[in-house]
Amino acid sequence: MIVCPRCSKENQDHYKFCLGCGAELPRDAAQPKSFTAPTPPAGVPTGPAGAPSFGSPAPAPSSGFGAPAGFAASSSPRPASAPPAAAAAPAPAPMPAPAPAPAAAAPATVSCPQCGNSVPPNFKFCGSCGYDMTKAPAAAAPAAAPAAAAAPAPVAGGGGAGSLVLIRPDGSEGESFPLSATTTVGRESGGAFASDSYLSPRHAELVVSPGKATVRDLDSLNGIYVRIARDTPTELVDQAIFRIGQEILRFERLGAPNTHADGTEAMGSPDGGAIGRIRLVIGRDSFGGAFPVPGTGMHLGRERGDVIFPEDGYVSGLHCRIHEENGRVWLTDVGSSNGTFVRVRGQQEVPAGGLMLMGQQLFRLEC
């Protein structure tokens, strides 16, 4: 916990501003974290403490989308709640009084208008961005249901088909977003999605069925990336885009040398038996350096391999491999801490427990 030097209120370690007075909290007073350098997830709402581990703790932070996938979960014990006091027996009355209408329940949390963080209603300031919550518009209280009202009919399409669980930068679980049979995700969805400028207004559509979901890219600008299984070759087709750490790369298969209509062959440097190349994607139609993929295959990493990214702390020392077998090209994650993600082309099936990068955030599918 961090004690505010101005008002002495205790705040959680990840808060930047005091919840009592709004003062900026000292960073050196925070307890040491179990992760190294998280990427800001652009307004991650707080969620339940305690989450399962997604692998061994990584020596370096994870994907630049803001949510690593290889850190041990952090957990903090919850104080035991005191048992409710026994209610006193009501005094006898000569005539029963009519029962008062049930009061509308106050919202458990209030969403910060600036960053979307969930803030308890009695807090004056947002613990994530420091916004003055006294200026936030009051949330409309839910209307009390009549005592004899019938249960509402289920919505067409069905709710509760699954959920998307936000994975925080330290690997713990954040907020859970319920999914119906068909759900559209994007900035128009509100909540934590609304504050992520890397999400398109209508980014993805998920069709949920027992044990899996089909995710479809709605022509988004930055796409959807699905994490591949470790040590399991995944086919890398021509023009496929994949991601390791903060590096976005496109694989391009090399064809036979061009021959003119009159039979003249175009000159060029010898390819040495290259089966293709990978190019750094730096924009929608912009590319950086290119690296040939030899017929013997290649490794990518931060410290070892044929192509290294020494400045990217989110890439493991030896991250993934590309090789050809039986005329097809394969991408294999060789046990990286933060995973290898392949961009969805059109639509793709994702199993329960699968990890997806959308915008700056990492989600786990539950269904």
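Index from 1, following the sequence. Computed over heavy atoms, backbone and side chain alike; hydrogens, waters and symmetry mates excluded.
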Salt bridge (charged side-chain N to carboxylate O under 4.0 Å, His left out): pairs with one or both residues in residues 339-352, sequence neighbours excluded: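 For residues 339-352: K212-E349.
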Pairs meeting criterion salt bridge (charged side-chain N to carboxylate O under 4.0 Å, His left out) with involvement of residues 248-267, two or more places apart: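 Every pair satisfying salt bridge (charged side-chain N to carboxylate O under 4.0 Å, His left out) with a residue in residues 248-267: R250-E252, E252-R277, E252-R279, R253-E324.
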What pairs with [X] under side-chain hydrogen bond (donor to acceptor under 3.5 Å, both in side chains), at least two apart in sequence or on another chain?
X: S336; value: H319, D333
X: E188; value: none
X: R6; value: none

Hey, are the side chains of [X] and [Y] touching, using non-hydrogen atoms and a 4.5 Å cut-off?
X: V315; Y: N338; result: no
X: F242; Y: L236; result: yes
X: T182; Y: L206; result: no
X: I248; Y: Y225; result: yes
X: L331; Y: T340; result: yes
X: T232; Y: R230; result: no
X: L362; Y: L166; result: no
X: M358; Y: L164; result: yes

[X] side, atom [atom1]; [Y] side, atom [atom2] - distance, nearest 0.5 Å:
X: R243; Y: F341; atom1: CZ; atom2: CZ; result: 8.5 Å
X: S316; Y: R302; atom1: OG; atom2: CZ; result: 6.5 Å
X: R168; Y: E175; atom1: CZ; atom2: CD; result: 9.5 Å
X: L249; Y: I241; atom1: CG; atom2: CD1; result: 9.5 Å
X: S220; Y: R187; atom1: OG; atom2: CZ; result: 11.5 Å
X: I308; Y: F291; atom1: CD1; atom2: CZ; result: 10.0 Å

Closest non-hydrogen atom pair between [X] and [Y], with its separation:
X: A181; Y: A161; value: N-CB, 3.9 Å
X: I278; Y: M298; value: CD1-CE, 4.1 Å
X: R202; Y: L218; value: O-CB, 3.5 Å
X: F251; Y: V237; value: CD2-O, 3.5 Å
X: V165; Y: S176; value: CG2-OG, 4.0 Å
X: A213; Y: C367; value: N-SG, 4.5 Å

Can you name the residues that form a side chain to side chain contact (heavy atoms under 4.5 Å, CB included) with [X], not counting sequence neighbours?
X: H323; result: R321, E325, W330, T332
X: V344; result: V215, I224, V226, Q348
X: S189; result: F193
X: A274; result: L254, D271, P292

E205: partners by salt bridge (Lys or Arg N to Asp or Glu O under 4.0 Å), with sequence neighbours left out: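 E205 satisfies salt bridge (Lys or Arg N to Asp or Glu O under 4.0 Å) with R216 only.
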For R328, salt bridge (Lys or Arg N to Asp or Glu O under 4.0 Å) partners two or more places apart: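 Only E235 meet the salt bridge (Lys or Arg N to Asp or Glu O under 4.0 Å) criterion with R328.
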Shared hydrophobic cluster, V307 / V293 (ILVMFWY, side-chain heavy atoms < 4.5 Å):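 V307 clusters together with V293.
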Cluster check L280, I322: I/L/V/M/F/W/Y, side chain < 4.5 angstrom: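 In one cluster: yes.
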Over 12 non-hydrogen atoms of neighbours within 6.0 angstrom of CG in D231: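 Above 12, so yes.
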Heavy-atom neighbours of E311 CD exceed 12 at 6.0 Å: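 No - once you tally the heavy atoms of other residues, nucleotides and ligands closer than 6.0 Å, there are 12 at most.
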Step-by-step side-chain hydrogen bond (donor to acceptor under 3.5 Å, both in side chains) determination, D196 to Q361: CA-CA 8 Å; D196 192 340; Q361 302 172 84; 3.2 Å; yes
Main-chain N/O of Q246 paired with D312 side-chain donor or acceptor, under 3.5 Å: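 Flag set: sc D312 to bb Q246 pair under 3.5 Å.
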D217 side-chain N/O to G346 backbone N/O, donor-acceptor pair under 3.5 Å: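 No; zero donor-acceptor contacts below 3.5 Å.
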E173 bridged to R364 by N-O distance under 4.0 Å: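 Yes, charged N to carboxylate O under 4.0 Å.
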